[in-house]
Amino acid sequence: MTRKRLVVGNWKMHGTAEFAVHLAGEVVAAARTHARVEVGIAPPFTALGAVREVVRRTPVALVAQNVHDQPQGAFTGEISTAMLADAGCSMVILGHSERRHVFGEPDELIGRKVQAALGNDLVPILCVGEKLDEREANGTLDVVRRQLETGIAGLDAAGMARLVIAYEPVWAIGTGKVAKAEDAQTVHAFLRKLLEEKAEGTGGTVRILYGGSVKPDNAAGLFAQPDVDGFLVGGASLKGADFAGIIAAGER
Ligand code: PGA
């Protein structure tokens with residue numbers, strides 16, 4: 001089974017609703033001319049409503065950057081999966097390295113968020129990735145294995161089949177230091193094997209994205225790797241032309 005390529009822009013904490021609407025319009029135009037690639041954008045929560053109107057009845061998916069694991073309650077400042085579904089989101093980024101390492105989210109919490117997302121028909125984009133010291137100590141595969149296994153703990157095969165995984169080496173995020181395409185491929189192939197061991201069939205169908213300093217000029221080399229199915233893009237997703245260039249690289 002072929003896996004449809006997927007490119008998701010993570011806008012992080014950038015931009016007003018006006019900025020978001022303008023950028024979303026540029027993304028819609030790029031997505032319409034590149035049908036081989038599925039496209040998603042993750043604006044800040046405050047711009048979800050405005051961006052929803054721009055992407056309505058277009059091929060662009062509305063994605064959230066995070067969610068709380070509980071369905072409701074006294075959790076000031078938090079957002080539930082039902083609220084995201086209500087706001088028009090179809091996917092949610094979980095376990096992004098900034099959530100793990102800046103906000104201290106543990107693996108188990110991220111696993112609970114994955115379950116909560118699936119319970120509301122949101123596709124979780126589960127992020128995994130090693131820090132520089134972990135890579136230098138040859139710990140990369142152990143780290144991503146632990147993060148993946150804890151992130152999907154408790155899922156049955158049907159739940160696993162709905163996941164998207166994003167491999168994002170922490171040292172490559174926002175630094176301009178992209179992973180070598182072959183190194184990304186090694187980790188992607190490892191994750192794919194793990195998925196297949198857990199639930200037969202998922203190794204071939206679950207999409208595994210790469211993230212970390214993806215730009216128009218390095219996207220093609222990464223796309224050329226057999227287990228790289230697309231990207232989670234930060235900085236370059238804030239410029240319409242750059243993001244369009246990355247989407248275009250997936251069309252070839
Ligand atoms: P970057 O961010 O593309 O700016 O490195 C990637 C990410 O944080 O998902």
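Atom set for the values below is all heavy atoms of this structure, side chains included, hydrogens, waters and symmetry mates excluded. Small disclaimer: the values here were computed from a predicted structure and weren't measured. Numbering of ligands and ligand atoms starts at 1, following listing order.
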Atom pairs and distances, side-chain donor-acceptor, residues 235-249, under 3.5 Å, sequence neighbours left out:
| from | atom 1 | to | atom 2 | distance (Å) |
| --- | --- | --- | --- | --- |
| Ser237 | OG | Val233 | O | 3.2 |
| Ser237 | OG | Gly234 | O | 2.7 |

Item to complete: Scan residues 180-231 for pairs that pass ring-ring contact (aromatic ring centres under 6.0 Å, His included), counting only residues two or more places apart or in two chains.
Response: Tyr167-His188, Phe223-Phe231
Response to the item:
Residues with a heavy atom under 4.0 Å from ligand 1, by chain and number, are Asn10, Lys12, His96, Glu168, Ala172, Ile173, Gly174, Gly212, Ser213, Leu232, Val233, Gly234, Gly235
Item to complete: State, with a plain yes or no, whether a side-chain heavy atom of Glu18 is found less than 4.5 Å away from one of Val21.
Response: no
Worksheet item: Near His101 NE2, under 6.0 Å, is it more than 12 heavy atoms from other residues, nucleotides or ligands?
Response: yes
Worksheet, complete the sentence: With Asp229 as partner, the option from Arg3, Arg207, Arg5, Lys4 fulfilling side chain to side chain donor-acceptor pair (under 3.5 Å) is Arg3
Distance-only donor-acceptor pairs under 3.5 Å for side chains of residues 151-165, two or more places apart:
| from | atom 1 | to | atom 2 | distance (Å) |
| --- | --- | --- | --- | --- |
| Asp156 | OD1 | Ala158 | N | 3.3 |
| Asp156 | OD1 | Gly159 | N | 2.8 |
| Arg162 | NH2 | Asp121 | OD1 | 3.0 |

